[in-house]
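We use all heavy atoms of the structure for the numbers below, so side chains are in, but hydrogens, waters and symmetry mates are not. Just so we're clear, the structure is a prediction, and the values are computed from it rather than from any experiment. Lettering follows sequence order; numbering is per chain, from 1.
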There are 2 protein chains.
Amino acid sequence: MTAKLDRIDLKILRLLQKNGRLSNAELAEKAGVSPATCHRRTQRLFEEGFVREVRAIVTPRKVDKGALVMVGVVLDRSTPESFASFEQAIAKLKFVLDCHLVAGDFDYFLKIRVGDMEDFNRIHGEQLIALPGVRQTRTFFVMKEVVDNAPLEF
Amino acid sequence: MTAKLDRIDLKILRLLQKNGRLSNAELAEKAGVSPATCHRRTQRLFEEGFVREVRAIVTPRKVDKGALVMVGVVLDRSTPESFASFEQAIAKLKFVLDCHLVAGDFDYFLKIRVGDMEDFNRIHGEQLIALPGVRQTRTFFVMKEVVDNAPLEF
DNA sequence: CCGAATAATGAAAGAATCTTCCATGACTGC
DNA sequence: GCAGTCATGGAAGATTCTTTCATTATTCGG
């Protein structure tokens, strides 16, 4: 990383992480280089995949997705086919923000956003426990979002 | 929500969620309105907080943060002071992406990004178990990121 | 159903920005 | 020291932003 990114690249990355809609002119000024140089640097950071995407982050509560739920999942069998089948199915569920295969007491951890508890209970009964190979789930309702999706520090 | 956002607003929000650096001209064309109207709509969506922020999402692996760990935390006491103290301390730890107070077997769930397991072990020993009021932690190393930080569907 | 008031729209235009070209300066390896 | 490579910033035409304004659509009381 340090081999590929100098101080200016890091500055651009951090600025864009804070405000992805900065104009090239503003970015250039804040980074301390000319607009032309800044444009080239930024383009490279995108092309080489340092920036995966630039995304507007919508306020969940404003679009009726104010409830957050963490769910631990245990599968019936720990076979590659079982995992693949589960992962294929979960990728289609739009309310799943995170799905991670983990080592420990669970097979998967899910992070789910829905409108409210009632909403979740319906989804849990109709969609989650119906996923292929699910033996049991453990639900952790989030009562307070202390830190949610903090920007990456580097 | 449906009362405040019409079809065009929703289109703009979804387009910006997919590509936060779309120019107003491109946005206007894709949304099917004039640049002037699109500009006003977009400005309103920002001003009224429908868009929390626009952020470049940096590829974790590219900046030596390729390892993801979920951690369940149990505190010694379940008092308001105990929670407040923990939350205040955790907000200062830059490697913590998520920290949520949950109902269930744990008090908090953490989502943490570090360089590798060794990195995590040092952090766990030096910083996590040293947090105020922590009785025990349970670590779930992420072996595969099936879905990470998916965009909100609405 | 009407009409007035309010709100939203798109064309237009000056200001700002983007994006590329190019000449210059800096660094590298021999 | 020197040739080759690379990064830099100025310049400028093309594009975009952002506001103004006249027009159209919508709302609401009567």
Side-chain angles (χ1 to χ4, degrees), chain A residues 1-66 151-154, chain B residues 1-66 151-154:
Chain A
M1 155 190 175
T2 314
K4 295 202 134 195
L5 297 175
D6 64 11
R7 204 166 34 80
I8 294 170
D9 290 322
L10 290 174
K11 203 160 196 173
I12 291 174
L13 275 181
R14 290 179 181 129
L15 286 165
L16 282 179
Q17 198 179 32
K18 274 198 285 192
N19 182 358
R21 271 186 93 74
L22 277 177
S23 74
N24 184 62
E26 296 168 300
L27 202 54
E29 204 220 312
K30 286 171 191 278
V33 291
S34 73
T37 293
C38 185
H39 185 262
R40 265 188 310 262
R41 295 280 195 138
T42 305
Q43 197 165 264
R44 176 181 154 252
L45 291 172
F46 278 75
E47 280 169 2
E48 296 187 0
F50 290 95
V51 177
R52 177 182 294 169
E53 63 177 319
V54 178
R55 186 193 295 178
I57 296 177
V58 177
T59 307
R61 177 177 37 81
K62 288 277 199 172
V63 292
D64 293 343
K65 300 291 176 199
L152 199 55
E153 295 271 348
F154 52 90
Chain B
M1 156 193 175
T2 314
K4 294 204 136 196
L5 296 175
D6 65 10
R7 203 168 35 77
I8 294 170
D9 290 323
L10 290 174
K11 203 160 195 172
I12 290 174
L13 274 182
R14 288 177 182 132
L15 285 165
L16 282 180
Q17 198 180 32
K18 274 199 284 192
N19 182 1
R21 272 187 92 75
L22 277 177
S23 75
N24 183 63
E26 296 169 301
L27 202 54
E29 205 221 311
K30 287 172 191 280
V33 291
S34 73
T37 294
C38 185
H39 185 262
R40 266 187 309 262
R41 296 280 196 135
T42 304
Q43 198 166 260
R44 176 182 153 252
L45 291 172
F46 278 76
E47 280 169 0
E48 296 188 359
F50 290 94
V51 178
R52 176 180 298 170
E53 62 176 323
V54 178
R55 186 195 293 179
I57 295 177
V58 176
T59 307
R61 179 176 36 80
K62 288 278 200 172
V63 292
D64 295 342
K65 299 290 176 200
L152 201 53
E153 295 271 346
F154 54 91

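- Along DNA chain D, the stretch of nucleotides lying under 4.0 Å from any heavy atom of chain A spans, 5' to 3', D/dT8 to D/dG10.
- Side-chain atoms of B/L5 and B/L45, non-hydrogen and from C-beta on, do get closer than 4.5 Å to each other.
- Side-chain contact check for A/L15 versus A/I12: every heavy-atom pair is 4.5 Å or farther apart.
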Base-pair map of DNA chain C as dot-bracket, where | denotes pairing with a different strand and pairs are Watson-Crick or G-U under 3.5 Å = ||||||||||||||||||||||||||||||

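- Two residues are said to be in side-chain contact when any heavy atoms from C-beta on lie closer than 4.5 Å; A/L22 and A/K30 meet this criterion.
- Across all strands shown, B/R41 has heavy atoms under 4.0 Å from sugar-phosphate atoms exclusively, and none from any base.
- One distance of note links CZ of A/R21 with CG of B/N24; it measures 7.5 Å at 0.5 Å rounding.
- A donor-acceptor pair under 3.5 Å is absent between the side-chain atoms of B/R14 and the main chain of B/E153, judged by distance alone.
- A pairwise comparison of heavy atoms in A/P60 and B/R52 identifies CD-NH2, 3.4 Å as the closest pair.
- Listed by chain and number, the residues in a salt bridge (charged side-chain N to carboxylate O under 4.0 Å, His left out) with B/R55 are B/E53 (sequence neighbours excluded).
- Rounded to the nearest 0.5 angstrom, A/F154 CZ and A/L13 CG are separated by 4.5 Å.
- Once you apply a 4.0 Å limit to the heavy atoms of chain A, the touched nucleotides of DNA chain C run 5' to 3' over C/dT17 to C/dT20.
- Atoms OG1 and CG, from A/T42 and A/D9 in turn, are 8.5 Å apart once rounded to the nearest 0.5 Å.
- Side-chain atoms of A/I8 and A/R41, non-hydrogen and from C-beta on, do get closer than 4.5 Å to each other.
- Shown here are the salt bridge (charged side-chain N to carboxylate O under 4.0 Å, His left out) partners of A/E48, two or more places apart in sequence or in another chain: A/R44.
- In terms of modelled atom types and a separation under 3.5 Å, the side chain of B/Q17 and the main chain of B/L152 share a donor-acceptor contact.
- DNA chain D is contacted by A/V33, A/S34, A/A36, A/T37, A/R40 of residues 27-40 of chain A, taking any non-hydrogen atom closer than 4.0 Å.
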